[in-house]
Protein chains: 2
Amino acid sequence: MQILVVEDEPRLAEAIAQILKEKKYMVDIANDGRDGYDLAVSGAYDCIILDVMLPIKDGYQVASDLRKEHIATPILMLTAKDTVADKVKGLDSGADDYMTKPFSPDELLARIRAMTRRQGEVVLDEISFEDLTLSLSAYNITCKDKSVHLNFKEFEILRILMSNPAAVVTKEDLIVKVWGYDSNAVDNNVEVYISFLRKKLEFIGSCVEITALRKIGYRLEVKKSAE
Amino acid sequence: MQILVVEDEPRLAEAIAQILKEKKYMVDIANDGRDGYDLAVSGAYDCIILDVMLPIKDGYQVASDLRKEHIATPILMLTAKDTVADKVKGLDSGADDYMTKPFSPDELLARIRAMTRRQGEVVLDEISFEDLTLSLSAYNITCKDKSVHLNFKEFEILRILMSNPAAVVTKEDLIVKVWGYDSNAVDNNVEVYISFLRKKLEFIGSCVEITALRKIGYRLEVKKSAE
DNA sequence: GAGGCCCTATGCAGATACTTGTTGTTGAAG
DNA sequence: CTTCAACAACAAGTATCTGCATAGGGCCTC
């Protein structure tokens, strides 16, 4: 975990660095706003601790310039200014959090944990099987660089197949899960959509195919090389 | 923008709600930890303001339970407890920010802005997609030199669409996030506002359009050149 | 009471979902 | 080896239902 400390007073900067290093964070220090900005635009840091009163370029400016460049690194602003107006200015210039000096090391660490925690959260947004990727938010399938949109029923069916690639899914299962247990859909309905899906898999050139196992159901498989 | 206030003292809850409503936030209030949790798990809120000392289930518990359920809604913890240990406990139980009473309304609002900003990776005051820019403070959209005002519902819908341009947003999602999860708005309401938005996009000559994907939802797309 | 905002109702167009029918495939019985 | 029944795939046609646009009415603010 990389942290950038932008602070012009060497002793304070060193003290903060020490606190962080003890917790195994990797720390870089910048002594003025310009250096801080230059380091931060790399996007290499997981968190930036930013003083407000800085030579050359103040903290508000640094934060706001970073946001303009679409650098989304969490910023914790750290300063002696404790009026509400200062806090509002800091937060609105792009900071995610604002702490006033003097501060407690434990609180600093807790706020860093809170800010960086969010970073690692991956939104489960897609399912993959071999070279095939199903996007749950965009409702399409992608293989290499080609992608194609799925309509509702196709999507639901493929999602069920892909969420359990090894398993064989019966038509009854599909009807219950896609059409609803009280529907009067017939097997042929499923066959029709399977056929649509096969066409789309073919179109994007995926190596995945939907195999029918007679009397049993459907399963995803990797195409045999000898086509 | 939906905000949940979890606070057992009715007068304070009402005061907070008032501050927020003035800024056009939609506010729900829960009076104890259990109700707060039940409302929050819906995932309908953009932000939760959470008191610590609550009947039935305290704020730490609520925050930590929500995180266990993978509800990532930003939480601002609000309490009279101001020791470092309390702050650490609050932040580590899942809160994103921690404010002590008494607090300034302006600071509260600034911290809410800071927390919700990250949601859509908004650069300060505006969101952009292709040639379209949505101003969060002026409630209007601009394309090249033309701009047009949006009313509240139009604005909220477009903000949601633009904050995640690749994703398909269902009508359900829009109803929950714009009308509130307990509203009885119907799909047609959404359709009407989508229709208004399209007219305004057309009017300012944007290359962005709102595409409907049947049975799935809406998505922003760039207009095909061959009109 | 004028104007803006929000919701409801309605007719229409077109995409989607389902049906039907033909052809192809499989496997077991004769 | 042939025949037949059961099952599967697919194309094409039809009907339904979703989504769109527009109009009108209630409500609130100014």
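Atom set for the values below is all heavy atoms of this structure, side chains included, hydrogens, waters and symmetry mates excluded. Note on naming: letters A, B, ... go to the chains in the order of the sequence lines (proteins, then strands), and numbering restarts at 1 for each one.
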Inset, instruction - Apply salt bridge (Lys or Arg N to Asp or Glu O under 4.0 Å) to the pair B/D65 and B/K68, showing each step before the final yes or no. - result: CA-CA 5 Å; B/D65 286 355; B/K68 265 184 212 140; 3.8 Å; yes
Legend entry - Distance (rounded to the nearest 0.5 Å) between B/I112 CD1 and B/I49 CD1: 3.5 Å
Legend entry - Shortest non-hydrogen separation from B/I204 to B/T142 and the atoms involved: CD1-C, 4.1 Å
Legend entry - Side-chain touch B/E191/B/Y218, heavy atoms, less than 4.5 angstrom: yes
Inset, instruction - Considering only NZ, NE, NH1 and NH2 on the basic side and carboxylate oxygens on the acidic side, decide whether B/K199 and B/E202 come within less than 4.0 Å. - result: no
Inset, instruction - Check DNA chain D against residues 15-29 of chain B and give the residues with a non-hydrogen atom under 4.0 Å, in numerical order. - result: none
Inset, instruction - Round to a whole Å and report the spacing from CG of A/D187 to P of C/dT19. - result: 12 Å
Inset, instruction - Let me know the distance between NZ of B/K200 and P of C/dG4, rounded to the nearest Å. - result: 11 Å
Inset, instruction - Check B/M115 against B/L76 and note the closest heavy-atom contact, atom names and distance. - result: CE-CB, 3.4 Å
Inset, instruction - Provide the closest heavy-atom pair for A/S206 versus A/V208 in the form atom of the first, atom of the second, distance. - result: OG-N, 2.9 Å
Legend entry - the helix from C/dG1-D/dC30 to C/dG30-D/dC1: angle between end helix axes, five pairs per end, rounded to 10 degrees: 20°
Legend entry - Whole angstrom value for the distance that separates P of D/dG19 from OH of B/Y218: 6 Å
Legend entry - Near-ring test B/Y193/B/F196, centroid separation under 6.0 angstrom: yes
Legend entry - Lys/Arg N to Asp/Glu carboxylate O, A/K153 vs A/E156, below 4.0 Å: no
Please write out each protein N/O paired with an N/O of nucleotides 11-14 of chain D under 3.5 Å, distance rounded to 0.1 Å.
unit_1	atom_1	unit_2	atom_2	d
D/dA11	OP2	A/K199	NZ	3.0

Inset, instruction - Nearest whole angstrom, please: distance from the P of D/dC7 to the CD1 of A/I216. - result: 13 Å
If you restrict it to nitrogen or oxygen atoms, what contacts under 3.5 Å exist between nucleotides 14-17 of chain C and the protein, and what is each distance?
unit_1	atom_1	unit_2	atom_2	d
C/dG14	N2	B/R214	NH2	3.1

Inset, instruction - Provide, to the nearest angstrom, the distance between the CD1 atom belonging to B/I194 and the C1' atom belonging to D/dA21. - result: 13 Å
Show which side-chain atoms of residues 173-180 of chain A pair as donor or acceptor with protein atoms under 3.5 Å away, not counting sequence neighbours.
none

Inset, instruction - Take B/T116 and B/D46 through the side chain to side chain donor-acceptor pair (under 3.5 Å) test and state the conclusion after the steps. - result: CA-CA 7 Å; B/T116 54; B/D46 299 283; over 6 Å; no
Inset, instruction - May I ask you to verify if any side-chain N or O of A/N189 is less than 4.0 angstrom from the OP1 or OP2 atom of C/dT19? - result: yes
Legend entry - Atom-to-atom span, CD of B/E191 to C1' of C/dC12 - whole angstrom: 13 Å
Legend entry - d(CD, B/E156; P, C/dC5) in whole Å: 14 Å
Inset, instruction - Please list, by residue number, the residues of residues 168-176 of chain B whose heavy atoms come closer than 4.0 Å to an atom of DNA chain D; answer none if no residue qualifies. - result: B/K171
Legend entry - Minimum heavy-atom distance B/L91-A/R117, with the two atoms named: O-NH1, 2.9 Å
Legend entry - Considering all heavy atoms, the nearest B/L4-B/G36 contact: CD2-O, 3.6 Å
Inset, instruction - Would you mind reading off the distance between B/F155 atom CZ and C/dG4 atom C1', rounded to a whole angstrom? - result: 18 Å
Inset, instruction - Begin with the C-alpha distance, continue with both residues' side-chain angles, and end with the deciding distance and a verdict on side chain to side chain donor-acceptor pair (under 3.5 Å) for A/D58 and A/Q61. - result: CA-CA 5 Å; A/D58 71 28; A/Q61 198 63 47; over 6 Å; no
Legend entry - Ion pair B/R67/B/D96, N-O distance below 4.0 Å: yes
Legend entry - B/D82/B/K101 salt bridge by N-O under 4.0 Å criterion: no
